[in-house]
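Below you'll find the structure, written out as structure tokens, and then a few comments.
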Amino acid sequence: MTEQGDADGIDATADDDATDAAATAGGADEPTPGVPDDVRKYDRFKKVDGAQYERVNDFLRERTYVTAREWAIARLCADFRTETGVEMTKIGENLPELVPFMTDTYTPQAVNQARSAFEDKVTKAGATFLYGAMSDFFTADELDDLMYESTEVAKFLLEVEGVELSVEEELDAEDRISEVMRDVREASDELRHSEATCPNCGHEMSEAGD
């Protein structure tokens, strides 16, 4: 893991008991017979090779709404998507080979449930965040701080997945996020001072003072 990962207690190399997951996954050095080539070559999550599920899960639950299972399977569903859909059977049958901290195989139904749970939580978290940003609960500086912390966690998870971000890419992403949030604040100011329609029932809502 990175230095941030070390500090947060999920560095796999520091765990004396962290060999179980790797052993269950069939061993890091010898290819497992019958494993498809694309599964064998899959190299995401290598930065947590040997880490226990509980440690990864605790890290995520402290900083996000998703579990380690949902995070890993959502990534796999994105990576193993074909023109005809997601290869859920392949993901489930080879889960310990694909993700070092997963030790059990999953049925296609369980894979689909985990992916659906991830999508639901992201949607609800997005709605919660945007409401907080649009409702004027935070000052502009507080919102900037909130966005910075959220971005740092997101970048760290991308790095764990094996995404290498240059300094220029990080700065560009932060600038684009800041620009979007400024647009959100401006749009929310306009919304709070103009008529709006409820997205659920279509009721016309006027200003609070009307």
Side-chain angles (χ1 to χ4, degrees), residues 1-126 150 153-165:
M1 280 244 172
T2 63
E3 292 181 0
Q4 180 179 353
D6 294 339
D8 288 322
I10 56 174
D11 176 30
T13 61
D15 190 355
D16 293 335
D17 299 323
T19 58
D20 293 341
T24 305
D29 296 327
E30 297 181 3
T32 303
V35 175
D37 289 341
D38 54 348
V39 170
R40 187 177 296 117
K41 294 176 181 178
Y42 191 77
D43 60 357
R44 291 193 191 272
F45 302 108
K46 294 304 182 184
K47 291 187 178 182
V48 285
D49 193 7
Q52 292 181 327
Y53 177 87
E54 289 77 10
R55 297 182 68 181
V56 179
N57 197 49
D58 288 345
F59 177 86
L60 283 172
R61 293 302 291 268
E62 288 175 3
R63 296 162 178 82
T64 74
Y65 281 132
V66 300
T67 65
R69 174 182 74 104
E70 293 161 351
W71 170 47
I73 288 179
R75 167 48 57 197
L76 293 173
C77 286
D79 289 346
F80 285 87
R81 180 181 297 277
T82 67
E83 294 180 357
T84 57
V86 177
E87 298 178 289
M88 293 188 181
T89 299
K90 177 184 288 187
I91 291 171
E93 291 178 348
N94 296 282
L95 191 56
E97 293 284 344
L98 293 163
V99 183
F101 54 81
M102 300 297 292
T103 59
D104 296 323
T105 59
Y106 274 42
T107 65
Q109 292 78 11
V111 172
N112 187 50
Q113 289 171 358
R115 180 185 66 165
S116 178
F118 177 88
E119 293 174 350
D120 288 345
K121 289 181 179 181
V122 170
T123 300
K124 291 179 181 178
S150 300
V153 173
K155 288 191 301 184
F156 179 62
L157 294 180
L158 288 173
E159 290 173 2
V160 172
E161 292 180 6
V163 177
E164 300 294 338
L165 296 174

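Since we're looking at a predicted model, the values are computed, not measured.
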* Asked: How far does CD of Gln52 sit from CG of Asn57, to the nearest 0.5 angstrom?
  -> 12.0 Å
* Asked: Any salt bridge between Lys47 and Glu164, counting N to O under 4.0 Å?
  -> yes
* Side chain of Arg115, backbone of Ala74: donor and acceptor closer than 3.5 Å? -> no
* Asked: Checking Glu70 side chain against Thr67 main chain: does a donor-acceptor pair fall under 3.5 Å?
  -> yes
* Asked: If you draw a 6.0 Å radius around NZ in Lys46, do more than 12 non-hydrogen atoms from other residues or ligands fall strictly inside?
  -> yes
* Is the gap between the ring centers of Phe45 and Trp71 under 6.0 Å? -> yes
* **Ser116 (side chain) donor-acceptor with Asn112 (main chain) under 3.5 angstrom** => no
* Does any non-hydrogen side-chain atom of Leu98 lie less than 4.5 Å from one of Phe80? -> yes
* Would a distance-only check, ignoring hydrogens and angles, find a side-chain to backbone donor-acceptor pair under 3.5 Å from Lys121 to Tyr65? -> yes
* Met102 versus Arg69: any side-chain heavy-atom pair under 4.5 Å? -> yes
* Asked: Could you state the interatomic distance from CE (Met88) to CD (Gln113), rounded to the nearest 0.5 Å?
  -> 10.5 Å
* To do: Compute the ring centroids of Phe59 and Phe156, then answer whether they are less than 6.0 Å apart.
  => yes
* Could you list the residues that satisfy side-chain hydrogen bond (donor to acceptor under 3.5 Å, both in side chains) with Asp43, not counting sequence neighbours? => none
* Taking only residues two or more places apart in sequence, or in another chain, which ones meet Tyr42 in a side-chain hydrogen bond (donor to acceptor under 3.5 Å, both in side chains)? -> Asp79
* Under the side-chain hydrogen bond (donor to acceptor under 3.5 Å, both in side chains) rule, collect the residues that match up with Thr64, sequence neighbours excluded. => none
